[in-house]
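Worksheet: the structure to be examined is printed underneath.
The sequence lines fix the lettering, A, B, ..., with proteins before strands; numbering per chain opens at 1.
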Number of protein chains: 2
Amino acid sequence: MQQSPVPPETPIYRRIADGLREAILSGELRDGDRLPGENAIMAQYGVARATARQALSVLINEGLAVPKRGSGVYVRQFRPIRRHGSRRLAQGHWSQGQAIWDADTRGRPYTVDEVQIDRETADDDVARVLGSAEVWVRRRRYSVDGRPVQLSVSHFPADLVEGTAIVREDTGPGGAYARLGDLGHSPAHFTEELRARMPHPHETVLLDLPAGTPVIAIMRTAYTADGTPVEVNEMVLDAASYVLQYDFDA
Amino acid sequence: MQQSPVPPETPIYRRIADGLREAILSGELRDGDRLPGENAIMAQYGVARATARQALSVLINEGLAVPKRGSGVYVRQFRPIRRHGSRRLAQGHWSQGQAIWDADTRGRPYTVDEVQIDRETADDDVARVLGSAEVWVRRRRYSVDGRPVQLSVSHFPADLVEGTAIVREDTGPGGAYARLGDLGHSPAHFTEELRARMPHPHETVLLDLPAGTPVIAIMRTAYTADGTPVEVNEMVLDAASYVLQYDFDA
DNA sequence: AAGTGGTCTAGACCACCTT
DNA sequence: AGGTGGTCTAGACCACTTC
C-alpha cells in the first residue's frame with residue numbers, strides 16, 4: 001500500500017492540521033479543550049499513526065496545542081501578565097519600598113526560587129558594558145500562580161556592591177535598586193534590548209515550557225544620572241505568559 | 001527488530017540533536033554550514049530514517065537549523081536589524097522628511113510591497129481604541145536585503161484622514177505621521193504593546209519564515225498631545241531579523 | 001484495564017537540487 | 001544520475017494517565 005496516486009496539492013497532515021487550527025481559532029475548540037487524539041484522527045481520516053502525529057505536531061509547534069502524556073492534546077491557554085517597560089520603573093515605585101516585580105503582577109501572587117548569588121568574572125559583553133570584569137551576579141526564577149514565567153540574571157560591578165545587601169539573598173525594602181540609591185547610585189536611565197527566539201534546552205526545563213513556546217530575551221542596562229552603568233540584567237520570559245508595554249513620547 | 005531492551009534515559013533522537021546543537025553553539029559548525037544529512041545520521045548512529053529526521057526536526061523547530069529541499073540542512077544565520085523604540089520616533093526624524101523606517105535600517109536598502117489601502121470597518125479592539133468603527137487601513141510588507149522582515153497594518157479614523165495623502169499610496173515626504181501633523185494632529189505619545197508567538201500560516205507565507213521562527217507582534221497606538229488616538233499600527237516582525245531597543249528614564 | 005502520547009524500526013515513492 | 005529532504009504506511013513496545 002502506498003499513498004494516493006496523485007499526491008494532493010497540500011499534504012494530508014497539513015490539511016488535517018488546518019482543520020484543527022480552524023476549529024481552535026474560530027473558538028469551536030476553547031482554551032483547555034481536548035483535541036481529537038491520534039487514534040481518532042487515524043480513524044476519521046484513514047491515515048497512519050505517524051501522519052496523525054505529524055498533524056498534531058504542527059499545532060504543537062505553532063504553540064496552539066499542548067500535549068499531555070497519557071491524557072491527550074489540549075488547546076493552549078493564553079493568560080498573559082502585563083509588564084510595563086517605561087512606566088513601571090518610574091522612581092515612585094521602587095523608591096517607596098516596592099520591588100519592581102510588584103508592578104508587573106498587579107497583585108497576583110508570585111514566588112522567587114532558584115536564587116543564586118555569586119561573584120564571577122563577567123562575559124565579554126557584560127564586562128564591556130559595565131566596564132568591570134569582576135561582577136556580583138544575582139540569578140533567580142519568578143513564578144506566578146505556581147508556574148515559572150521568568151528567569152533573571154543581574155550583574156553588578158563587584159567593587160560597587162561589595163559588602164552591601166545586594167550580595168545577600170534579602171536585599172531589603174525596595175530591592176537592589178533602592179540599595180544602589182543608598183550608595184548614591186540611583187538608576188536614572190534604562191536601555192532594554194529585546195529579542196524573541198526559541199528557548200535553549202535549559203530554559204525549557206527551568207521555565208517548564210511546552211513545545212512551540214518562544215521566549216523573550218531582554219537585556220536591560222541601568223545607568224545613573226551621570227551615565228555610569230550600574231547593572232546589566234538579562235531576563236528570559238516565557239512569551240506565552242507576557243504582554244510587554246512601552247510608553248514614550250515623540 | 002526493536003529498540004534496545006533497556007530504554008536509555010534520554011531518547012536517541014534527543015541525544016543526536018544534543019550533539020548537533022553543541023556543535024552549532026560551540027562554533028564548530030558555523031553560520032550557513034551544512035549539517036549531517038538524514039543518511040549520514042542513519043549510518044553514523046545506526047538508526048532508522050524517521051529517527052534521524054526527528055533529531056533534525058528538533059534543531060529546526062529550535063530555530064537553529066534550516067532545511068533546504070534537495071540540498072541539506074544548514075546552520076541558521078542571525079543578522080538582526082536594530083529597531084529603536086523610543087528614540088526613533090523622536091520628532092526630529094519624521095518632521096524633517098524622514099520616514100520612520102529609515103531609522104531602523106541605518107542605511108540598509110529596504111523595499112515595500114504588498115501595499116493595500118482600504119476603507120474598512122475596524123475590528124472591535126481597534127474600534128474601541130480609536131473610538132471609530134470606520135477606518136482607513138494601510139497594509140504593507142517591508143523587506144531588507146530582498147528578504148521580507150515585517151508586516152504592518154495601520155489604522156486611521158476614517159473621518160480624520162478622508163481625502164488626504166494618507167489614503168493614497170504615496171503619502172509624501174515624512175510619511176503618514178507628517179500628514180497627520182499637517183492636519184494639526186501630530187502624534188505626541190505612543191504606546192506599544194508587544195508579544196512574541198509562533199506565526200500564523202499566512203504570516204509564514206508572507207514573511208517566508210522557516211520553521212522554528214517566532215514573530216514579534218507589536219500593537220502601537222499613536223496619540224496627539226491632547227490624548228486623542230490617531231493611529232493603531234499592528235506590526236508583525238520576523239523575530240530572527242530584529243533586535244528591539246527601548247530607552248527610558250526612571 | 002484501557003487509552004493516550006512518546007519512541008522506534010523498515011520499508012516506500014516523490015519533488016527537488018546539485019553535479 | 002544521484003543525493004537530499006518531504007510525505008506516508010504498517011507495524012511495535014513503552015510510560016503514563018485515567019477510569
Could you give the CD1-to-C1' distance, from B/Ile41 to D/dG5, as a whole number of Å?
-> 12 Å

Salt-bridged, A/Glu114 to A/Arg139, with N to O below 4.0 Å?
-> no

Using a cut-off of strictly less than 4.0 Å between a heavy atom of the residue and any atom of DNA chain C, enumerate the qualifying residues of residues 197-206 of chain A by number.
-> none

Comparing B/Arg34 and A/Tyr74 on DNA chain D - which has the more 5′ nearest nucleotide | B/Arg34

Can you check the A/Tyr45 OH to D/dC8 P distance for me, whole Å?
-> 13 Å

With A/Pro36, the side-chain contact (heavy atoms from CB on, under 4.5 Å) member among A/Leu56, A/Ile16, A/Ile41 = A/Ile41

Point-to-point distance, once rounded to the nearest 0.5 Å, from CG of B/Asp125 to NE2 of B/His155 = 10.0 Å

Mind calculating the distance between CD1 (B/Ile12) and P (D/dC14) to the nearest angstrom?
-> 14 Å

Taking CZ from A/Arg69 and P from C/dG5, how many angstroms apart are they, rounded to a whole number?
-> 12 Å

Rounded distance (Å) that lies between atom P of C/dT4 and atom CG of A/Leu35 = 13 Å

Checking D/dG6, C/dG6, D/dT7 against the side chain of A/Tyr13 (C-beta onward), the nearest is D/dT7

Look at B/Arg197 together with B/Glu203 and state whether they make a salt bridge at an N to O cut-off of under 4.0 Å.
-> yes

Taken to the nearest whole Å, CD/A/Glu38 to P/D/dC16 is 17 Å

Give me the bend of the helix from C/dA1-D/dT18 to C/dT18-D/dA1, using the axes of the five pairs at each end, rounded to 10°.
-> 10°

Checking all strands, does B/Arg14 fall into the base, sugar-phosphate, or nothing category for heavy-atom contacts under 4.0 angstrom?
-> nothing

What is the ring orientation for B/Tyr110 with B/Tyr142, classed by angle as parallel under 30°, tilted 30 to 60°, or perpendicular over 60°?
-> tilted

Expressed in angstrom and rounded to an integer, what is the separation of B/Asn39 atom CG from D/dG3 atom C1'?
-> 7 Å

Using a strict 4.0 Å threshold on nitrogen-to-oxygen distance, state whether A/Arg21 and A/Asp18 make a salt bridge.
-> yes

Would you say the side-chain atoms of A/Thr213 pair up with the backbone N or O of A/Leu209, donor to acceptor, closer than 3.5 Å?
-> no

Got a sec? Which of residues 48-60 of chain A come in under 4.0 Å of DNA chain C, heavy atoms?
-> A/Arg49, A/Arg53

If you measure from the Lys or Arg side-chain nitrogens to the Asp or Glu carboxylate oxygens, is any gap between B/Arg83 and B/Glu192 under 4.0 Å?
-> yes

Which residue lies more 5' along DNA chain D, comparing A/Ser71 with A/Gly46 via nearest heavy atoms = A/Gly46

Cationic N near anionic O, under 4.0 Å, B/Arg30 to B/Asp33 = no

Examine distances only and state if a side-chain atom of B/Arg141 and a backbone atom of B/Leu206 form a donor-acceptor pair shorter than 3.5 Å.
-> yes

Lys/Arg N to Asp/Glu carboxylate O, B/Arg82 vs A/Glu193, below 4.0 Å = yes

